Amino acid sequence: MNISKSVELFNEAKTLLPGGVDSPVRAFRAVGGQPLFIERGEGAYLFDADGNKYIDYVLSWGPLILGHAHPVVADALKQTIDKGTSFGAPSALETTLAKLVIELMPNMEMLRFVNSGTEATMTALRLARAYTKRDKIIKFEGNYHGHADMLLVQAGSGVATLGLPDSPGVPKATVQDTLVARYNDLDSVEALFKEFPGEIAAIIIEPVAGNMGVIPPAEGFLEGLRKMTEEKGALLIFDEVMTGFRAHLNGAQARYNIVPDLTTLGKVIGGGLPVGAYGGKKEIMQLVAPVGPMYQAGTLSGNPLAMMAGITTLGELKKDGVWQKLENAAASLGSDVKRVAESAGIPIQQTKVGTMFSNFFTEELPHDWSTVSKCDTDRFGKFFTAMLEKGIYIAPSQFEAGFVSTMHTPDVIEATVAAVEKALKLL
Ligand code: HOZ
């Protein structure tokens, strides 16, 4: 495979951007080799600068649930752009998208749009602290909620991929109120509530962890958190930046039937443009300025292009049969990969919730960070390289999720499974 243009572009980028990238995992450091520079995407496919074509299971790390350059989204964006790209003033598009989001996730009685998942989670925590008048928060090992200082503690995603337990530059004072519990372990949460009675403002959780690979919640875990937070007067925040419209059409909160106090969203609601949102119970959201005193603002918040991409994406997604098609694609990929892995004698542990999935190279089904971290990352790296050479683009880290889109039709899945079969034979 010729990737000489990508090599050239990467060398130049490295002189101008740290590591040649704008987000660390993209540099392929965990899997070795050279990142591909992407020129365009179409449906289930990516095309690199050298003209190579790949079936894409990263999908911009989740947002592109309709695939690349979906014609309905692209046409709506073309029309919107002619009317101006940003107003810094309200537009009806914000209300339209808010209505759509609330229709799909009715636990969000009110919401505010921001520009990224990081912004959404850091503001939801500010809001929880303002509402409860408490400072401490609980997060889980291996969960990732963006890169706000207070959340860069035992985080998943790129931090886990690069093996960084925390980050220099985060002041001790900023994280002194961040408590860390073990995912899927209610006792570890209870112990923190016992140690800090009346001090914990909120628990923030990925209801299906996606940033240490996909780890579903154990039975009763989310229910236990809901009960404990209610008893202790703390808020429960579901970070659905990744799971929103991916774990279920109505979010992980519908799949597991839990009503969180606050929800954060990103990725799919922006249809591939930069968007985030936080929202929840009206009583809590009324604290947000200008109605209440909790301040948060943003020049590009509610950006018309981002709103339109979200409106068209959610509009397509909720059409009859679309969600089912997505779930079927993820299910058939999962069972076919299982079959070829078994016949190759390679131990792979699979997890899947809705349209997001992981294949872990390990003997034991992982259920938290300590079991995920036992994965054979060298073997994953070899698998990744073999897949890329066969034209399949998966996330360049064992600790990230895989995604399907509506464009991952049965023939695309079949071609993928054939590549997996060949790749596993090379391990
Ligand atoms: N850590 C991000 C996904 N969980 C990766 C973002 C990116 O590199 O685009």
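Worth knowing before you read on, the calculation uses all heavy atoms, side chains too, and leaves out hydrogens, waters and symmetry mates. Atoms within each ligand, like the ligands themselves, are counted from 1 in listed order. Each residue takes its place number in the sequence, starting with 1. Everything quoted here is computed from the prediction, not taken from an experiment.
- Taking the six-membered ring for Trp and the full ring otherwise, Y144 and F399 have centroids separated by 6.0 Å or more.
- Remark: ligand 1 and K267 share no N or O pair separated by less than 3.5 Å (distance only, no angle test).
- Side-chain atoms of S358 come within 3.5 Å of backbone N or O of V214 as a donor-acceptor pair.
- Relative orientation of the F383 and F361 rings is tilted, given thresholds of 30° and 60° on the angle between their planes.
- Heavy-atom proximity to R26, at under 4.0 Å, picks out these atoms of ligand 1: 7 (C), 8 (O), 9 (O).
- The single protein non-hydrogen atom nearest to atom 2 (C) of ligand 1 is S157 OG, 3.6 Å, given as residue, atom name and distance.
- Side-chain contact annotation: R112 with Q296, donor-acceptor N/O pair under 3.5 Å present.
- Residue contacts with ligand 1, taken as heavy atom pairs separated by less than 4.0 Å, involve N211 solely via side-chain atoms from C-beta onward.
- Using a distance-only test at 3.5 Å, with no hydrogens or angles considered, a donor-acceptor pair links the side chain of T178 to the main chain of M150.
- Annotation: atom 6 (C) of ligand 1 to nearest protein heavy atom, S23 OG, 3.6 Å.
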